[in-house]
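What follows is a set of notes on a single structure, which appears directly below.
Counting begins at 1 with the first residue of the sequence.
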Amino acid sequence: MQAASRESYRAAVERLEAYVRGAQPQTVVTTADELLAVAGLLRREPRLRRALSDPARPGADRSALLAGMLTGKIGTDALDLVGVLVAGRWSAPSELLEGAERLGVEALLAGAEAAGDLGEVEDELFRFGQLVDGQPQLSNLLTDPIAPVTQRAGLVRDLLTGKARPATVTLVEVALSGFGGRSFHGALTRLVELAAERRDRQVAYVTVAAPLGDDEERRLGDRLSQIYGRQVDVKQNVDPAVLGGVSVQVGADLYDGTVLRRLKETRNALAKR
């Protein structure tokens, strides 16, 4: 987002956090669902996105336009939050859509946090991503651009309902819609990171040839926490192809100490002789 859009989004987040502090977890979840429904509306209606982000129209007029469409269709709390959102200045209609999606996600994560489920939601999102990565046929079904999102969302619900928390199921459906313009895998990864950020944590993606033991994972997490100055959640990916060693990615930082990487470097060095 550009500066003006970031400022408008921050104003909506501040209103969201004030609302969350005085609301029951299930009420927050209901509001989150309504916010995501509004984001879906903006995704489907580009003309509406343009009207609600038009800098030539006063913010109060844009809020009134949206309120006229949604009053009685969503709750007053959700209506207040989207009103704050559209009243701000947006650098582009696409950034308003991004802000609406992100606000709905943050509300859903806040509801999970209030219910004491946020850590489990983070883990379930990561594990589902691993499941999809490990099954090419499932991955193809979920990322098929021709298949309607509703059809793919139905498959997700069949796979996860009763096995994962409702917030996890909803967030996977958000990922299917291309959260923030990302691929399905990229959207899932970002949602895992947002869940961690809400708990003031960072995520380390660790690739190993064989699973780390609990003690090894804990020691690695402790060491990374010392380096980054905040708690780090270790997410393991087992890939026998790396042969040995460990690859660790935290944000943009990558440490690749795998045997595979060393073999490639040796092969490249020999090829240059």
Side-chain angles (χ1 to χ4, degrees), residues 1-3 5-7 9-10 13-14 16-17 91 94-95 97-99 101-110 112-113 117-134 139 143 167-168 171-172 174-209 211-212 214 216-239 241-242 244-262 264-265:
M1 288 185 187
Q2 297 186 36
S5 298
R6 288 197 301 271
E7 183 177 342
Y9 177 70
R10 279 196 298 269
V13 169
E14 289 174 3
L16 171 66
E17 296 301 335
S91 302
S94 61
E95 295 191 354
L97 172 59
E98 181 181 350
E101 288 180 325
R102 176 75 180 270
L103 190 67
V105 165
E106 289 291 354
L108 195 59
L109 294 174
E113 181 181 38
D117 291 339
L118 187 53
E120 287 78 8
V121 168
E122 178 187 326
D123 287 339
E124 288 171 353
L125 288 169
F126 176 71
R127 290 198 298 271
F128 186 71
Q130 285 190 305
L131 172 67
V132 173
D133 288 345
S139 178
T143 59
T168 303
L171 289 168
V172 173
V174 169
L176 287 173
S177 297
F179 175 59
R182 299 172 177 86
S183 66
F184 176 62
H185 182 272
L188 273 183
T189 299
R190 183 56 181 146
L191 291 168
V192 169
E193 292 167 352
L194 288 174
E197 287 175 15
R198 187 157 192 94
R199 299 193 299 141
D200 194 28
R201 293 169 179 250
Q202 202 154 1
V203 177
Y205 298 100
V206 177
T207 302
V208 288
L212 297 175
D214 291 343
E216 292 175 305
E217 181 177 314
R218 185 166 50 252
R219 286 197 298 270
L220 177 59
D222 289 345
R223 178 59 182 147
L224 291 170
S225 296
Q226 292 174 2
I227 293 171
Y228 287 94
R230 64 193 300 196
Q231 188 69 34
V232 173
D233 289 345
V234 174
K235 307 295 186 187
Q236 286 193 56
N237 176 45
V238 178
D239 182 2
V242 303
V246 60
S247 170
V248 179
Q249 180 150 12
V250 182
D253 299 336
L254 174 65
Y255 167 75
D256 191 345
T258 61
V259 173
L260 179 62
R261 191 269 302 172
R262 292 197 291 271
K264 286 181 177 178
E265 287 182 348

Give every donor-acceptor pair under 3.5 Å between a side-chain atom in residues 119-128 and any protein atom, sequence neighbours left out.
residue: E122; atom: OE1; partner: R199; partner atom: NE; Å: 3.4
residue: E122; atom: OE1; partner: R199; partner atom: NH2; Å: 2.8
residue: E122; atom: OE2; partner: K235; partner atom: NZ; Å: 3.0
residue: D123; atom: OD1; partner: K235; partner atom: NZ; Å: 2.5
residue: E124; atom: OE1; partner: R165; partner atom: N; Å: 3.0
residue: E124; atom: OE1; partner: T168; partner atom: OG1; Å: 2.6
residue: E124; atom: OE2; partner: R165; partner atom: NH1; Å: 2.5

What closest approach, in Å, do [X] and [Y] show between heavy atoms, and which atom pair accounts for it?
X	Y	result
V238	A209	CG1-O, 3.5 Å
A204	V248	CB-CG1, 4.3 Å
D256	S247	OD1-CB, 3.9 Å

Check your understanding: How about E101 and V174: do any of their side-chain heavy atoms sit closer than 4.5 Å?
Key -> no

Review point. Does a side-chain heavy-atom distance below 4.5 Å link R182 with F179?
Key: yes

Practice item. For E217, enumerate each residue passing the salt bridge (Lys or Arg N to Asp or Glu O under 4.0 Å) test, keeping only those at least two apart in sequence or located in another chain. Key: none

Revision key, fill the gap. For E106, the salt bridge (Lys or Arg N to Asp or Glu O under 4.0 Å) test, sequence neighbours excluded, returns R102, R198

State the [atom1]-[atom2] distance between [X] and [Y], to the nearest 0.5 angstrom.
X	Y	atom1	atom2	result
E95	Y9	CD	OH	13.0 Å
E7	S91	CD	OG	10.5 Å
R201	L118	CZ	CG	9.5 Å

Check your understanding: Got more than 12 heavy atoms from elsewhere within 6.0 Å of CD, Q231?
Key -> yes

Point to revise | Partner set under side-chain contact (heavy atoms from CB on, under 4.5 Å) for R223, not counting sequence neighbours | key: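 By the side-chain contact (heavy atoms from CB on, under 4.5 Å) rule, R223 matches Q226, I227.
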
Exercise for review: Kindly write out the residues that satisfy side-chain contact (heavy atoms from CB on, under 4.5 Å) with E216, not counting sequence neighbours, or none if the list is empty.
Suggested key: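 With sequence neighbours excluded, E216 shows a side-chain contact (heavy atoms from CB on, under 4.5 Å) to L212, R219, given in chain and number order.
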
Enumerate, atom names and distances included, each donor-acceptor pair closer than 3.5 Å involving a side-chain atom of residues 183-196, sequence neighbours excluded.
residue: S183; atom: OG; partner: G186; partner atom: N; Å: 3.0
residue: H185; atom: NE2; partner: D133; partner atom: OD2; Å: 3.2
residue: T189; atom: OG1; partner: H185; partner atom: O; Å: 3.0
residue: R190; atom: NH1; partner: E197; partner atom: OE2; Å: 3.1

